[in-house]
Amino acid sequence: LTYSEGFLSGGISEAPGGLLDKFEPEEVENWELGFKLDLLNSRLRLNGAFFHSDYTNRQLTTIVIDPVINSVAPDTINAAKSTIQGFELETTWLATQRLMLTFNMTLNDGDIDEFEDQLVAIATTPEVPAGCIRTNLVLLEVDQCPNDRSNENLPRLPEQTYLIAAQYAWDSPWGRVQPRVQASW
């Protein structure tokens, strides 16, 4: 059982209009309950862990409109609260003296719990929706509107990852040959 805390420093990003926009440090509290087992005379190794991470001010990238240059621009902002929980399993089996088989997997569930963002969308009506700002980008008009993204999945977090590998070793006159075939998803 482990408990740990970590952070990713805050910083500044270029905000609309060429100003510098501040984003806060990202902080995380992590709990993990795991096991490490060597079985079958140490020929089978199983390592696993259940984990839960609570993030405060998670740093995410969004899209904003820069009114000075009338263009879309990226910006780093903070999601107030988010969580990741899941399970990891790593296995290594020495099937024979020369053959080693490996299987690893991770299952993730990542959610944004509290995140106020902006939605940039092509304007589809003549009137500007309430609370939105309309910008003419020469070829089209876009609306930038408040967007509550709470209860969304975390971006760039795979729900599942898998790795399988086989490795076979033999001795030759030039030394040990040990090819490995591996696939991951």
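Side-chain atoms are counted along with the backbone in the values below, which use heavy atoms only and exclude waters and symmetry mates.
- Taking both residues in full, the closest heavy atoms of Thr91 and Phe103 are given as OG1-O, 2.7 Å, listed atom of the first, atom of the second, then distance.
- Within 6.0 Å of CD in Glu141 there are more than 12 heavy atoms belonging to other residues, nucleotides or ligands.
- The shortest side-chain heavy-atom distance between Glu27 and Asn57 does not fall under the 4.5 Å cut-off.
- Two residues are said to be in side-chain contact when any heavy atoms from C-beta on lie closer than 4.5 Å; Leu154 and Ile112 meet this criterion.
- Of all non-hydrogen atoms in Ser150 and Phe115, the two that sit nearest each other are OG-N, 3.1 Å.
- In this structure, the side chain of Arg43 engages the main chain of Leu94 through a donor-acceptor pair within 3.5 Å.
- Atom CG of Asn78 is separated from atom OG1 of Thr56 by 10.0 Å, given to the nearest 0.5 angstrom.
- No hydrogens or angles considered: nothing links the side chains of Asp54 and Thr83 as a donor-acceptor pair under 3.5 Å.
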Worked verdict on Phe23 versus Gln59 for side-chain contact (heavy atoms from CB on, under 4.5 Å):
CA-CA 8 Å; Phe23 55 92; Gln59 295 169 9; 3.7 Å; yes
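- A continuous path of hydrophobic side-chain contacts links Ile63 to Ile122 [ILVMFWY only; heavy atoms under 4.5 Å].
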Is there a side-chain contact (heavy atoms from CB on, under 4.5 Å) between Glu159 and Asn108? Walk through the geometry before answering.
CA-CA 5 Å; Glu159 291 181 2; Asn108 290 308; 5.6 Å; no
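- Looking only at side-chain heavy atoms (C-beta outward), Gln182 and Gln167 stay at 4.5 Å or farther from each other.
- Using modelled atom types and a 3.5 Å distance limit, the side chains of Ser13 and Asp75 yield a donor-acceptor pair.
- Using a 4.5 Å cut-off on side-chain heavy atoms (C-beta onward), Glu116 and Asp148 make contact.
- Summarising the local packing, CZ of Arg149 is surrounded by more than 12 heavy atoms from other residues, nucleotides or ligands at distances under 6.0 Å.
- Heavy-atom contacts from other residues, nucleotides or ligands closer than 6.0 Å to CG of Asn41 number 12 or fewer.
- Taking 4.5 Å as the limit, some side-chain heavy atom of Asp143 sits within range of a side-chain heavy atom of Arg134.
- Panel note: side chain Glu26, backbone Leu60; no donor-acceptor pair is recorded below 3.5 Å.
- For Phe87, the CZ atom is densely surrounded, since the number of other residues' heavy atoms within 6.0 Å is greater than 12.
- In this structure, CG in Asn30 is found 6.5 Å from OG1 in Thr2, a value given to the nearest 0.5 Å.
- Here the CZ atom belonging to Arg45 is positioned 10.5 Å from the CE atom belonging to Met100, to the nearest 0.5 angstrom.
- The number of heavy atoms from other shown groups lying within 6.0 Å of CD (Gln97) does not exceed 12.
- Put simply, Leu89 and Phe50 are part of the same group of oily side chains (I, L, V, M, F, W, Y) that touch within less than 4.5 Å, one to the next.
- Note: Glu29 CD to Trp31 CH2 = 8.5 Å, rounded to the nearest 0.5 Å.
- Inter-residue side-chain proximity for Val177 and Tyr168 is flagged as unmet; no heavy-atom pair is nearer than 4.5 Å.
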For a side-chain contact (heavy atoms from CB on, under 4.5 Å) check, start with the C-alpha distance between Leu137 and Ile65, then their side-chain angles and the critical distance, and finish with the verdict.
CA-CA 9 Å; Leu137 299 181; Ile65 300 298; 4.3 Å; yes
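- Ring geometry for Tyr162 versus Trp185: interplanar angle under 30°, hence parallel rather than tilted (30 to 60°).
- No donor-acceptor pair under 3.5 Å is formed between the side chain of Arg58 and the backbone N or O of Val28.
- Gln118 contributes no side-chain N or O that, together with a main-chain N or O of Val64, makes up a donor-acceptor pair within less than 3.5 Å.
- Residues Pro179 and Trp170 have side chains in contact (heavy-atom distance under 4.5 Å, counting atoms from C-beta outward).
- Heavy atoms from other residues, nucleotides or ligands lying under 6.0 Å from CD1 of Ile12 number 12 at most.
- Around the CG atom of Leu37, the shell of radius 6.0 Å holds more than 12 heavy atoms that belong to other residues, nucleotides or ligands.
- Looking only at side-chain heavy atoms (C-beta outward), Asp113 and Asp111 come within less than 4.5 Å of each other.
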